[in-house]
Each structure stands twice: as structure tokens, then as C-alpha cells.
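Below: the structure, in C-alpha cells.
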Amino acid sequence: MSGWLFLFTVLYSAGLLFGMIFVVIMFSDLESDYINPIDFCNKLNSFVIPEYAAHGFLALLFLLFGQWTALLWNLPLLAWNINKVMNNAHMYDATEIFRSLPGHQKEAYFKIGFYSVSFFYYLYRMIAAFVADSEF
């Protein structure tokens with residue numbers, strides 16, 4: 001059963017990884033003046049809550065299926081996301097975006113790294129689970 005869970009999480013984390021790559025590309029477009037701050041914020045603000053919800057759903061799946069290592073790996077970022085939502089700091093503001101751009105970029109780069117490591121960890125766990133299931 002855990003093989004199928006990790007197959008799902010591999011696909012889900014690939015989606016989150018590509019979403020964060022989209023965010024970094026949008027930051028690059030903003031810095032190069034290919035997009036104005038209002039359009040930038042409107043596009044990315046529609047992505048923030050679904051990203052947080054998707055990551056929270058993955059953590060919930062790990063909790064329900066008893067995958068404690070994967071859950072512990074995801075808890076710090078989950079706590080960070082919850083803290084940002086509770087403090088109303090999760091949305092991009094067009095009037096403040098250029099002042100807060102370096103911080104947002106660092107967060108996006110960190111998330112790309114986190115989702116990349118997660119992707120390969122889930123891929124490893126998926127392969128290990130399927131190999132263990134086939135050795136009966």
C-alpha cells in the first residue's frame with residue numbers, strides 16, 4: 001500500500017516543484033520588467049493557497065498512513081506555511097513587492113530545493129516499497 005502512496009506523492013511533489021519553478025520564472029520576469037507588479041501579484045496570489053493546501057494534504061496523507069519519516073520531513077515547511085497564513089503574510093502585495101523581492105526569492109529557491117529533495121526521497125521510497133512487495 002505504501003508504494004501506491006509514494007507513487008501519488010511523487011506525482012504530487014513533481015507538480016509542486018514545477019509550480020515553484022513557475023514562481024521563480026515569474027520573479028525573473030518581474031525583475032526584467034516583462035510583467036508589471038499588479039499582474040505579477042494577481043497571478044501568484046492565485047497560486048499561494050493551492051500550493052499550501054497541496055503541501056498540507058501531503059502531510060495529512062503521511063499522518064494517516066503512518067509514514068512518520070516523511071511527515072517529520074514535511075512538518076517544518078508546513079509550520080512555516082501555516083505561520084504565514086496566520087500572520088496574513090502569505091499574499092504578494094503589488095505596492096511592497098520590490099522591497100520584499102529578495103526575501104520572496106529566497107523562499108522560492110528554498111522551496112525548489114525542498115521539493116526537489118522530497119521528489120527524490122519519495123521516488124526512492126516508492127521503488128523500495130514496490131520492490132519489497134514483489135519479493136513474496
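Numbering of residues begins at 1 and proceeds along the displayed sequence.
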**OP:** Flag yes if F98 and Y34 sit in one hydrophobic cluster, no otherwise; membership is Ile, Leu, Val, Met, Phe, Trp, Tyr, and two members link when side-chain heavy atoms are under 4.5 Å apart.
**Re:** no
Original post:
Can you hop from I38 to Y92 via hydrophobic side chains spaced under 4.5 Å?
Top reply: no
**OP:** Give every residue pair that meets the side-chain hydrogen bond (donor to acceptor under 3.5 Å, both in side chains) criterion with at least one member in residues 18-31, sequence neighbours excluded.
**Re:** E31-Q105
Subject >> Close side-chain approach of L75 and L78, heavy atoms under 4.5 Å >> reply: yes
Subject >> Any donor-acceptor pair under 3.5 Å from N74 side chain to A59 backbone >> reply: no
Original post:
OH of Y109 to CD1 of I112: how many Å apart, nearest 0.5 Å?
Top reply: 7.5 Å
Original post:
Which atoms form the tightest heavy-atom contact between S116 and L17, and what is the distance?
Top reply: OG-CD1, 3.4 Å
Original post:
Is there a side-chain contact between Y121 and V10, using heavy atoms and a 4.5 Å cut-off?
Top reply: no
**OP:** Please report the closest heavy-atom contact between W73 and S118, naming both atoms and the distance.
**Re:** NE1-OG, 2.7 Å
Original post:
Looking at side-chain heavy atoms only, is the closest gap between W68 and F62 below 4.5 Å?
Top reply: no
Original post:
Between F6 and Y122, how do the two ring planes meet: parallel, tilted or perpendicular, split at 30° and 60°?
Top reply: tilted
Original post:
Between F119 and A14, what is the shortest heavy-atom contact and its length?
Top reply: CE1-CB, 4.0 Å
Original post:
F110 versus L77: any side-chain heavy-atom pair under 4.5 Å?
Top reply: yes
Original post:
Do we see a donor-acceptor contact under 3.5 Å between the side chains of N81 and H90?
Top reply: no
Original post:
After noting the C-alpha distance and the side-chain angles of Y115 and F18, does the key distance pass the side-chain contact (heavy atoms from CB on, under 4.5 Å) rule?
Top reply: CA-CA 9 Å; Y115 291 139; F18 288 129; over 6 Å; no
Original post:
Listed by chain and number, what are the side-chain hydrogen bond (donor to acceptor under 3.5 Å, both in side chains) partners of D39, not counting sequence neighbours?
Top reply: N36
**OP:** Check whether more than 12 heavy atoms from other residues, nucleotides or ligands sit under 6.0 Å from atom NZ of K84, and answer yes or no.
**Re:** yes
**OP:** Work out which heavy atom in T9 is nearest to a heavy atom in L58; give both atom names and the distance.
**Re:** CG2-CD2, 3.5 Å
Subject >> Atom pair CG/CE of N45 and M91 - distance to nearest 0.5 Å >> reply: 4.0 Å
Original post:
Between H104 and F27, what is the ring plane arrangement, given parallel below 30°, perpendicular above 60°, and tilted in between?
Top reply: parallel
Original post:
Taking only residues two or more places apart in sequence or in another chain, which ones pass side-chain hydrogen bond (donor to acceptor under 3.5 Å, both in side chains) with N83?
Top reply: N87
Original post:
Does one hydrophobic cluster hold both Y124 and L11, with members joined at side-chain heavy-atom distances below 4.5 Å?
Top reply: no
Original post:
Should D93 and C41 count as side-chain neighbours, where that means a heavy-atom distance under 4.5 Å?
Top reply: no
Original post:
Would a 4.5 Å heavy-atom cut-off, applied to side chains only, mark S2 and R125 as touching?
Top reply: no
Subject >> Residue pair W80 / E107, side-chain heavy-atom distance below 4.5 Å >> reply: yes
Subject >> Heavy-atom closest contact (L16 atom, A54 atom, distance) >> reply: CD2-CB, 3.9 Å
Subject >> Other residues, nucleotides, ligands: >12 heavy atoms within 6.0 Å of F8 CZ >> reply: yes
**OP:** Please report the shortest heavy-atom distance between A108 and V24, naming the atom on each side.
**Re:** CB-CG2, 3.9 Å
